Amino acid sequence: MSKLITQDPHMLEQIRFAQVLACHDSPVLVTGESGTGKEHFAEILHGKRTRKDTTRGSNFVPVNTTTLAEDLFESLMYGHMQGSFTGATRETGGLVQHAEDGTLFLDEIGELPLSLQPKLLRYIQERKFRKVGASKLTKSNCRIICSTNKDLREMVKDGSFRLDLFHRISVFVIQTTPIRDRPDDLALYIKKQGFDKPKEIATKILKLTPLYGNYRELQSILARYKLLGEFINY
């Protein structure tokens, strides 16, 4: 069952779509502003596989691509062999190996440097990877789900995102909707946090801020209101 609190027709449709896609292995791109629940959608997509011999268990591996340093990218993603570089005292599995038979969730894929994109593209195309220092390729069986708060099509146009990688990761696309465009959901969330007069509070908050941080910003505003008894936005 989805953890997303929504009555919005578009979001409900996207949840149903994600539940259908959970039975397949095709890459999915989840788009939308920060704080709109993209990782929740990734968890729905993690789901169960159609294959009889295995299910997607606990191996949901979320990765913030902003933390993937260029000089360590291949070691972090694909692992390394003992002695392959200074400090490599033992063979180590990478994120792809940890996500075997599960899901590798690449959060904010639009932040991945252009120089690293071919290295990710090669893995997605071939479903194989080579550990740093290894002589052989290893076959992989993990699903790739990406998310972004950027317009990747515009990034393709300005040359900061590869067109071939875009097509590989966006076989299917799920689009989240900002909370400011879902006032009923905003009131519903506020009600579930234990506040009285949720519609009145929702109206006040939307007059205070356009909620570009969505649920993350909303949580902070409500926390300050609980402590101070007034609506403050920084």
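In this text, all values refer to a predicted model and were calculated from it rather than measured experimentally.
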Task: Closest contact, heavy atoms only, Ile232 versus Arg224 - done: O-NE, 3.0 Å
Open item on the list: For a quick test of reading the model, state the closest non-hydrogen atom pair linking Val171 to Ser26 and the distance between them.
Closed with: CG1-CB, 4.0 Å
Indicate yes or no: at least one non-hydrogen side-chain atom of [X] is less than 4.5 angstrom from one of [Y].
| X | Y | result |
| --- | --- | --- |
| Leu222 | Ile190 | yes |
| Phe17 | Ile174 | yes |
| Leu104 | Phe60 | no |
| Leu116 | Thr65 | no |
| Thr138 | Lys128 | no |

Taking [X] first and then [Y], would you say they form a salt bridge - that is, a charged N and a carboxylate O separated by under 4.0 Å?
| X | Y | value |
| --- | --- | --- |
| Asp164 | Arg162 | yes |
| Glu111 | Lys150 | yes |
| Glu200 | Lys204 | yes |

Open item on the list: So, applying side chain to side chain donor-acceptor pair (under 3.5 Å) with Ser147, which one of Asp107, Thr31, Thr176, Thr36 is it?
Closed with: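 One option only clears the test, and that one is Asp107.
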Open item on the list: If you apply the rule salt bridge (charged side-chain N to carboxylate O under 4.0 Å, His left out), what do you find for Glu13 with Arg16, and how did you get there?
Closed with: CA-CA 5 Å; Glu13 180 184 0; Arg16 288 192 291 269; 5.8 Å; no
Could you tell me whether the side chain of [X] and the main chain of [Y] form a donor-acceptor pair under 3.5 Å?
| X | Y | value |
| --- | --- | --- |
| Asn141 | Asp101 | no |
| Arg143 | His24 | yes |
| Arg127 | Cys142 | yes |
| Ser170 | Phe172 | no |
| Asp185 | Gln7 | yes |

Task: Intermediate values then yes/no, side-chain contact (heavy atoms from CB on, under 4.5 Å), Ile15 and Thr6 - done: CA-CA 10 Å; Ile15 289 171; Thr6 182; 3.8 Å; yes
Determine all donor-acceptor pairs shorter than 3.5 Å in which one atom belongs to a side chain in residues 205-212; sequence neighbours excluded.
from: Thr209; atom 1: OG1; to: Leu211; atom 2: N; distance (Å): 3.0
from: Thr209; atom 1: OG1; to: Glu217; atom 2: OE2; distance (Å): 2.8

